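Note that these values count all heavy atoms, side chains included, but never hydrogens, waters or copies made by symmetry. Treat the numbers as computed from the prediction; the structure is a model and nothing was measured.
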Amino acid sequence: MFFKNFKVWETELAGRKLTLETGKMAGLANASIMARYGETEVLCNVTASAKPREGVDFFPLSVDYEEKLYSVGKIPGSFQRREARPSEKAILTSRCIDRPIRPLFPKDLRNDCSVVATVMSVDPDCSPEITAMIGVSAAIAISDIPWDGPISGVNVGIVDGEIVINPTLEQREKSELNLTVASTADLVAMIEAGANEIDDDTMFNAIMAGHEENKKIVQFINGIVEEVGKPKFEYESSNPDPEIMAEIEEFCIEDVKKALDTDDKNVRDERLLPIYEAVHEKFDERFEENPEKLDEIMYLVQKHVVRAWLKDEHKRVDGRGIDEIRPLNAEIDLLARVHGSGLFTRGQTQVLSIATLGGIRDAQALDGLDEQTEKRYIHHYNFPSYSVGETKPSRGPGRREIGHGALAEKALLPVIPSIEEFPYTIRVVSEVLSSNGSTSQGSICGSTLALMAAGVPIKAPVAGISCGLITGDEGVYGDFMTMVDIQGLEDFYGDMDFKVAGTKKGITAIQMDLKVHGLTPEIIKEAFAKTHKARNYILDEIMLPVISEPRAELSKYAPKMKTVAINPDKIGDVIGKSGKIIQQIQADYDVKVEIEEDGNVFVSGQDADKCDAAIEVIRLIASDPEIGAFYNGVVTRLMNFGAFVEIAPGKEGLVHISRLDVKRTEKVEDVVNVGDSVIVKCIGITDEGKIDLSRRDALIELEGMKPENEIDDAPRKPRRNNRRPRKD
């Protein structure tokens, strides 16, 4: 056999075959796994540098989830016809894989490590994201890279009230929950969820169901490791010498405690500057070759202080109680001409959210691997350098900004009204003005305010809050404590950022970041209880007193949107030849007309009355004339025998000269002229579809005028050919 090291392992996951292969492809990587789930296939490769990267104080791990459109039989829509920068979905998946695997690498490892998951084939019923997560886990586990895995991941849905593992495409469309759970053999390592107001107990049960399924896959991967796993390589630890660490800590720890003991981030930073200078002055000579090591040690000293205060004394750096939320403030209508704005402030974290309403065609087009081709609710999050008091140029949104925007979008999407209820595309932009922790949750609160101020009829207001964690030396199995509303320092030095957003009814989104291997069920339950209580407090005491429900009226600067459903067969009539009729409607009424393939027509403009008038015209065009109905038409042509009147763009009928007036008419020009607006009644439609109209009947029935002469009102009959045959 050509591929001597080729191995294949099979198991079952949620009733579908899961296959992991190695030894055939990408032989120069530290490890390579081809993961197959159903007909979804993802090639997962991991590599690591032989030496540590110099001058870094973090583990340089990169995770890339690559979407290849050939996997779904598509050619990219870009000008170059090749995949460009990763889609938002690919970036979010990369983050979703990164979060559970990163804490399992040694904290003192500084070798570059690269993880690449390339999607090569997609079965819509078998998630490529989950396939990639499992494949990446298996690849790192069998590689020679130090790692305390493996992990596994599954999707969890709730369909017809039942928990479903890895729901199919049809089930996902009906599911009330979109939950991703990653686990080690014992602990829950990552939670990412979007939900339709799911209660805490149901969410907990869904997480535990996913955890139990993950345990089976972890055991499966462990079997593969026993068979083909490589010995882990030795690496140069970046940990400082314990003796020097102790000496520096003794020198500065009391000053560090005094510096950290404040609720003002600026004051804290100012107090720390002279301490850093003193430490460098005293110890620089001992770190001539690697002076940045001193800053690493100072980081560890501060981490020790903050964690000891929390764990041993239940003391927070800003003096709050363990479950006390920072001072809160909410405002709306800060910007004059936008459609809606809301400012949410929590301590030194401040987010301004702005809502903008647009037409249906403003929906964002998506060019990805799944079935979703567009979205009409868009949430963007911006994190400028001034928000943390730094100076650097703006380079566009990074992965963090995209991730935080997606979390806020996920949290608010369940309460966004349907297109039938509110026919608008909605964009919210959250501008972080000041950051000291939990800006993503601040953006959720500020965006709720902005949406209600804009008049978007959301189903319920949404608030978000985070919960932190400090574990003891024994890890999560020993003593632990949680605290609500973590600020930046507690996030930086703590073990968890458990973000939960929702309404008073239930959870709409979860995102969990960890620095430890995972969470026990007890920690998850406690985090749910604390965030639930805090969420309700924010809604009841801070947000709802500012605006209790969505405004009934839209901003005068927002476009007014009207809708009408027409027969899809009549779409061509509304558009007209070369778009002539729809262009005429848009010009006449100063509106924008958008027509969907299913016959739904959306008309938007600044003047609601003009929108209504345009809707009425479209309704007339799309409906067949009714005998006995009255129409407001325009005279288009004059003939000796009568006048042609357009009752809707592209539809005209004949008013015979005998039916132009209540009195006898000698000449058509005596009664009407081209361009006149007239009220007419439909009195007949011929077999050929020609429309007979009567102005006389309209005058009699609508204005009560009396006829001078009785005339025959019978419908038009086909003309006879009365000419005599020609004689040859």
Keeping Arg320 on the side-chain end and Glu324 on the backbone end, is there a donor-acceptor pair under 3.5 Å? yes

Which heavy atom of Leu514 sits nearest to which heavy atom of Ala189, and what is that distance? CD1-O, 3.4 Å

Contact check, side chains of Met496 and Lys515, non-hydrogen atoms, under 4.5 Å: no

With a 4.0 Å cut-off, would you call Lys525 and Glu522 a salt bridge? no

For Arg110 and Ser238, test the side chains for any donor-to-acceptor distance below 3.5 angstrom and give the result as yes or no. yes

Does one side chain, of His517 or Thr184, offer a donor that lies under 3.5 Å from an acceptor on the other? no

Could you check Phe498 against Ile510 for side chain to side chain contact (heavy atoms under 4.5 Å, CB included), going step by step and ending with a plain yes or no? CA-CA 7 Å; Phe498 197 114; Ile510 300 175; 4.0 Å; yes

Just by distance, do the side chain of Glu401 and the backbone of Gly398 share a donor-acceptor pair under 3.5 Å? yes

So, are Arg307 and Asp495 salt-bridged, with charged N and O less than 4.0 Å apart? yes

Please test Arg36 against Glu21 for salt bridge (Lys or Arg N to Asp or Glu O under 4.0 Å), starting from the C-alpha separation and ending with a verdict. CA-CA 8 Å; Arg36 290 188 168 95; Glu21 300 176 1; 2.3 Å; yes

Mark yes when over 12 heavy atoms from residues, nucleotides or ligands other than Gln219 sit less than 6.0 Å from its CD; otherwise mark no. no

Report, as yes or no, whether the 6.0 Å neighbourhood of atom NZ on Lys232 holds more than 12 heavy atoms from other residues, nucleotides or ligands. yes

Can Leu20 and Val8 be said to form a side chain to side chain contact (heavy atoms under 4.5 Å, CB included), step by step? CA-CA 6 Å; Leu20 300 180; Val8 181; over 6 Å; no

Partners of Tyr493 by ring pair (Phe, Tyr, Trp, His ring centres under 6.0 Å), sequence neighbours excluded? Tyr299

Hey, is the main chain of Gly210 close enough, under 3.5 Å, to the side chain of Asn214 for a donor-acceptor pair? yes

Mark yes when over 12 heavy atoms from residues, nucleotides or ligands other than Glu54 sit less than 6.0 Å from its CD; otherwise mark no. no

Determine yes or no for a side-chain-to-main-chain donor-acceptor pair under 3.5 angstrom, with Asn111 supplying the side chain and Ser49 the backbone. yes

Does the distance from a Lys or Arg side-chain N to an Asp or Glu carboxylate O, for Lys265 and Asp318, drop under 4.0 Å? no

Got a donor-acceptor contact below 3.5 angstrom from the Glu213 side chain to the Ala209 backbone? no

If only atom types and distance count, is the side chain of Ser71 paired as donor or acceptor with the main-chain N or O of Val122 below 3.5 Å? no

Do Asn205 and Thr202 have a side chain donor and acceptor closer than 3.5 Å? no

May I have the step-by-step check of side chain to side chain contact (heavy atoms under 4.5 Å, CB included) for Met481 and Leu469, ending in yes or no? CA-CA 6 Å; Met481 66 154 297; Leu469 170 73; over 6 Å; no

Under 3.5 Å side-chain donor-acceptor pair for His379 and Ser430: yes

For Lys7, I'd like to know if atom NZ has over 12 heavy atoms of other residues, nucleotides or ligands within 6.0 Å. no

Is any NZ, NE, NH1 or NH2 atom of the basic residue among Lys499 and Asp497 found under 4.0 Å from an Asp or Glu carboxylate oxygen of the other? yes

Within a strict 4.5 Å, meaning less than it, do heavy atoms of the Lys89 and Glu67 side chains meet? yes

Other residues, nucleotides, ligands: >12 heavy atoms within 6.0 Å of Glu250 CD: no

Take Ile221 and Trp9, measure what side chain to side chain contact (heavy atoms under 4.5 Å, CB included) needs, and give me the verdict at the end. CA-CA 9 Å; Ile221 296 174; Trp9 298 269; over 6 Å; no

Closest non-hydrogen atom pair between Ala141 and Val225, with its separation: CB-CG2, 3.6 Å

Are more than 12 heavy atoms, taken from residues, nucleotides or ligands other than Lys533, located less than 6.0 Å from that residue's NZ atom? no

Under 3.5 Å donor-acceptor, Ser443 side chain and Ser440 backbone: yes

Just by modelled atom types, is the Tyr37 backbone N or O under 3.5 Å from a matching donor or acceptor in the Arg16 side chain? no

Salt-bridged, Asp261 to Lys257, with N to O below 4.0 Å? no

Side chains of Thr503 and Glu197: any donor to acceptor distance under 3.5 Å? yes

Looking at Val116, Val119, Leu43, Val42, which one forms a side chain to side chain contact (heavy atoms under 4.5 Å, CB included) with Glu66? Val116

Tell me whether the rings of Phe105 and Trp147 are parallel (<30°), tilted (30 to 60°) or perpendicular (>60°). tilted

Are Glu12 and Lys216 ion-paired here, with the side-chain N under 4.0 Å from a carboxylate O? no

Keeping the roles fixed (side chain from Gln171, backbone from Thr168), state whether a donor-acceptor pair exists under 3.5 Å. yes

Would Lys303 and Phe492 count as a cation-pi pair here, with the cationic atom under 6.0 angstrom from the ring centre and within 45° of the axis? no

For residues Gln511 and Gly403, report the shortest heavy-atom separation together with the two atoms involved. NE2-O, 4.4 Å

Please say which of Asp144, Thr47, Asn45 ends up in a side chain to side chain donor-acceptor pair (under 3.5 Å) with Asn30. Asp144

Is a side-chain donor or acceptor of Thr531 paired with a backbone partner of Ala527 at a separation under 3.5 angstrom? yes

Parallel, tilted or perpendicular: ring planes of Tyr381 versus Phe383, cut at 30 and 60 degrees: parallel

Scanning both residues in full, the closest heavy-atom pair of Thr40 with Asp123 reads OG1-N, 2.8 Å

Residues Lys530 and Glu526 bridged, charged N to O under 4.0 Å: yes

Leu489 and Leu260: which non-hydrogen atoms are nearest, and at how many Å? CD2-CD2, 4.0 Å

Step by step, work out the side chain to side chain donor-acceptor pair (under 3.5 Å) result for Asn436 and Thr349. CA-CA 5 Å; Asn436 190 14; Thr349 290; 5.8 Å; no

Phe233 versus Ile145, closest heavy-atom pair with distance: CE2-CA, 3.8 Å

Looking at Phe251, I'd like to know if its CZ atom is crowded, meaning that more than 12 non-hydrogen atoms belonging to other residues, nucleotides or ligands lie closer than 6.0 Å. yes

